[in-house]
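Notes for the one structure printed next.
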2 protein chains.
Amino acid sequence: MELERYIEVLSKAELFKGFSKDEIALMIKCLEPKVKAYQKGNYLAIAGEKFHGLGIMLEGEAAVYKENMAGNRVMMVLLKPGDVFGEILAFSTESLWPVTVEAQQPCKALFISRHKIVGECGRACPWHRKLIENMLTMVSERAIALSRKVEYLSIKSIRGKISAYLLEQYKKTGKTTFMLPMNRNALADFLNVSRPSLSREMCNMRDEGIIDFHRASVRIKDLEALKNMAQ
Amino acid sequence: MELERYIEVLSKAELFKGFSKDEIALMIKCLEPKVKAYQKGNYLAIAGEKFHGLGIMLEGEAAVYKENMAGNRVMMVLLKPGDVFGEILAFSTESLWPVTVEAQQPCKALFISRHKIVGECGRACPWHRKLIENMLTMVSERAIALSRKVEYLSIKSIRGKISAYLLEQYKKTGKTTFMLPMNRNALADFLNVSRPSLSREMCNMRDEGIIDFHRASVRIKDLEALKNMAQ
DNA sequence: CGATTTTGGTAACACCAGATACCGACATGA
DNA sequence: TCATGTCGGTATCTGGTGTTACCAAAATCG
């Protein structure tokens, strides 16, 4: 298997946190993952279809979308190499994907069945417990993220959403100037608004002297004003 | 410790699923929980304060509130004996309560530190692994529920929300005529819209012959139309 | 390099939904 | 019985947001 090339990536995956590269190489043999490659626009997982295993991104980028019945889609998160997806499904009673995962670029991902993680490989490898603990941490983080998503979605005005989002970036980086991790289209998806409306409102805020920006680079000029609008 | 009295309650908690009462009694000794009693109106946890451990309700009732930046509070869920709270926090890197938990009646709750669950008690009790798996299932289920909430919130039109809600009630009861479990005010809150707007749109749908209603009683007249609107 | 695609800003317009106010139908209670 | 409060429907007005279309700058690619 050509998985040796990806040990470096896997060692950065949350699932394997606390394991050495040598350990990971050994574990991989036991976990029997399946590697698949996708072209841009292809689906790594489709909402409503059956869950086959926990996914780990190896190369490229993919986006997780939640779609409602009319086909409107909200981007949940952008996956990069080392990122894990499907971890929520793996241990819930639900067995159908609640989201669609779409390749944003040509990409590769690896899939591990849930049974292998819990340790039904018969050999009772001692590291399964640590693996489950890692899973627990990951799922908790994901739940926190979803909770935050709910918070965003319940903000009604676009300005409120933008403010809340920028404040989060500010807290994360600790700096008033930072790069947005997505382009306008993706950000609009994420905030569940239309792209022109997002653009319009960001420009309004710039004209009012609250923020300044150019492409993906943003600078918060009036932090207090921003805080007042995050609601 | 007077925890023996509560073994019955604990045996119904999801955390201890799959364990016998005898096992639970033994585990409790190792888990070294702290029991605290609260008067009505006291706080079991306060948003923004430090997390100290996973909570399990033993007696009485408490409510989980989410507060937004403006200070408005929304009740998320009502906790009853056996219910677990803080399970998401316990294993995430986040260490501050995102919600406030307030006693609705005099109540008692038990707190277990995260270290004890993982099994740093030194004795390496064999049931820790099962305990962690239970935690994993609980957190996964919670995440799935949050994911559904996101689905609901990302519907943009009032008509879409009403349709989705009515369809859910239809699926739940299996009948086209049913009683709404809340009044208009509560329903508007739940759907995250204003009360007059909800009223207006419901009447429009009635005028169009899609539904019929009087007070809390609703009848679906055109199921297909409703499905088309649940975008 | 030039052609093509992607990205993001802008404008015009329609319309949905929030805010507010008011009213009638009921329920509750002294 | 009347007074009071709650609940829900309705009308008006306004503002925020989606839609659509177009354009310029930047990135990508042959």
Side-chain angles (χ1 to χ4, degrees), chain A residues 39-41 60-61 63 68 70-75 78 102-106 152-166 179-208 210-219 228-231, chain B residues 68 70 72 152-166 179-208 210-219 228-231:
Chain A
Q39 290 308 307
K40 177 175 179 177
E61 267 183 18
N68 58 27
N72 298 336
R73 36 163 46 188
V74 187
M75 196 215 284
L78 202 59
E102 182 186 318
Q104 300 289 94
Q105 307 170 0
Y152 273 125
L153 286 176
S154 30
I155 297 175
K156 280 179 182 165
S157 71
I158 291 191
R159 190 172 276 234
K161 293 182 187 209
I162 295 173
S163 303
Y165 183 78
L166 294 182
M179 301 298 284
L180 296 178
M182 345 178 207
N183 63 24
R184 295 291 187 277
N185 238 317
L187 184 56
D189 263 4
F190 180 78
L191 298 179
N192 201 29
V193 299
S194 78
R195 206 260 316 157
S197 297
L198 170 67
S199 213
R200 178 208 294 149
E201 202 55 39
M202 282 183 68
C203 291
N204 287 344
M205 292 171 74
R206 181 190 54 199
D207 295 346
E208 292 174 29
I210 302 171
I211 59 174
D212 202 2
F213 62 89
H214 179 69
R215 292 264 157 177
S217 156
V218 176
R219 180 171 141 249
N228 289 333
M229 305 201 149
Q231 133 69 198
Chain B
N68 60 25
N72 302 333
Y152 230 88
L153 285 175
S154 51
I155 298 176
K156 278 179 184 167
S157 71
I158 292 191
R159 190 171 276 232
K161 292 185 186 206
I162 295 173
S163 302
Y165 182 79
L166 293 183
M179 302 297 284
L180 296 177
M182 342 179 208
N183 63 26
R184 295 290 187 279
N185 238 316
L187 184 56
D189 263 4
F190 181 78
L191 298 179
N192 203 28
V193 299
S194 79
R195 205 261 315 156
S197 297
L198 171 67
S199 215
R200 178 208 293 149
E201 202 55 37
M202 281 183 69
C203 290
N204 287 344
M205 293 171 75
R206 182 190 53 199
D207 295 346
E208 292 174 29
I210 302 171
I211 59 174
D212 202 2
F213 62 90
H214 179 69
R215 293 264 158 175
S217 158
V218 176
R219 180 170 141 249
N228 289 332
M229 305 199 147
Q231 60 159 350

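Chain identifiers are assigned alphabetically (A, B, ...) following the order of the sequence lines, protein sequences preceding nucleic acid strands; residue numbering begins at 1 within each chain.
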| note | With five pairs defining each end axis, the helix from C/dC1-D/dG30 to C/dA30-D/dT1 comes out bent, to 10°, by 40°

Give the nucleotide from the list [options] with an atom nearest to the side chain of [X].
{"X": "A/Val193", "options": "C/dA17, D/dG18, C/dG18", "value": "D/dG18"}
{"X": "A/Ile158", "options": "C/dG8, D/dT19, D/dT17", "value": "D/dT17"}
{"X": "A/Ser194", "options": "D/dG18, D/dG8, C/dG18", "value": "D/dG18"}

Rounded interatomic separation in angstrom, taking [atom1] from [X] and [atom2] from [N]:
{"X": "A/Leu180", "N": "C/dG8", "atom1": "CG", "atom2": "C1'", "result": "13 Å"}
{"X": "A/His214", "N": "D/dA24", "atom1": "NE2", "atom2": "P", "result": "17 Å"}
{"X": "B/Leu191", "N": "C/dG18", "atom1": "CG", "atom2": "C1'", "result": "15 Å"}
{"X": "A/Met179", "N": "C/dT7", "atom1": "CE", "atom2": "C1'", "result": "14 Å"}
{"X": "A/Lys161", "N": "D/dG18", "atom1": "NZ", "atom2": "C1'", "result": "13 Å"}
{"X": "A/Ile155", "N": "D/dT17", "atom1": "CD1", "atom2": "P", "result": "12 Å"}
{"X": "A/Lys156", "N": "C/dG18", "atom1": "NZ", "atom2": "C1'", "result": "8 Å"}
{"X": "B/Met182", "N": "D/dG8", "atom1": "CE", "atom2": "P", "result": "12 Å"}

| task | Give the ring-plane orientation class for A/Tyr152 versus A/Phe190, where under 30° counts as parallel, over 60° as perpendicular and anything between as tilted. | result | perpendicular

| query | How long is the gap from CD1 on A/Ile158 to CG on A/Leu191, to the nearest 0.5 Å? | reply | 8.5 Å

| said: At 4.0 Å (heavy atoms only), tell me whether B/Arg159 reaches a base, stays on the sugar-phosphate, or touches nothing. | reply: nothing

| field | B/Arg195 (side chain) donor-acceptor with B/Ala186 (main chain) under 3.5 angstrom | value | no

Where [X] and [Y] come nearest, the two heavy atoms and their spacing:
{"X": "A/Ala103", "Y": "A/Gln39", "result": "CB-O, 3.3 Å"}
{"X": "B/Leu153", "Y": "A/Asn192", "result": "O-ND2, 4.4 Å"}
{"X": "B/Ser157", "Y": "B/Gly160", "result": "OG-N, 2.9 Å"}
{"X": "B/Lys161", "Y": "B/Ile155", "result": "CE-O, 3.0 Å"}
{"X": "A/Leu78", "Y": "A/Pro181", "result": "CD2-O, 4.2 Å"}

| field | Electrostatic pair A/Glu208:A/Arg159 at N-O distance under 4.0 angstrom | value | yes

| task | Go through the N and O atoms of the side chain of B/Arg195 and the base of D/dG9, and report whether any donor-acceptor pair is under 3.5 Å. | result | yes

| request: Identify, residue by residue, the members of residues 196-205 of chain A with a heavy atom below 4.0 Å from DNA chain D, and return them in order of residue number, or none. | output: A/Pro196, A/Ser197, A/Arg200

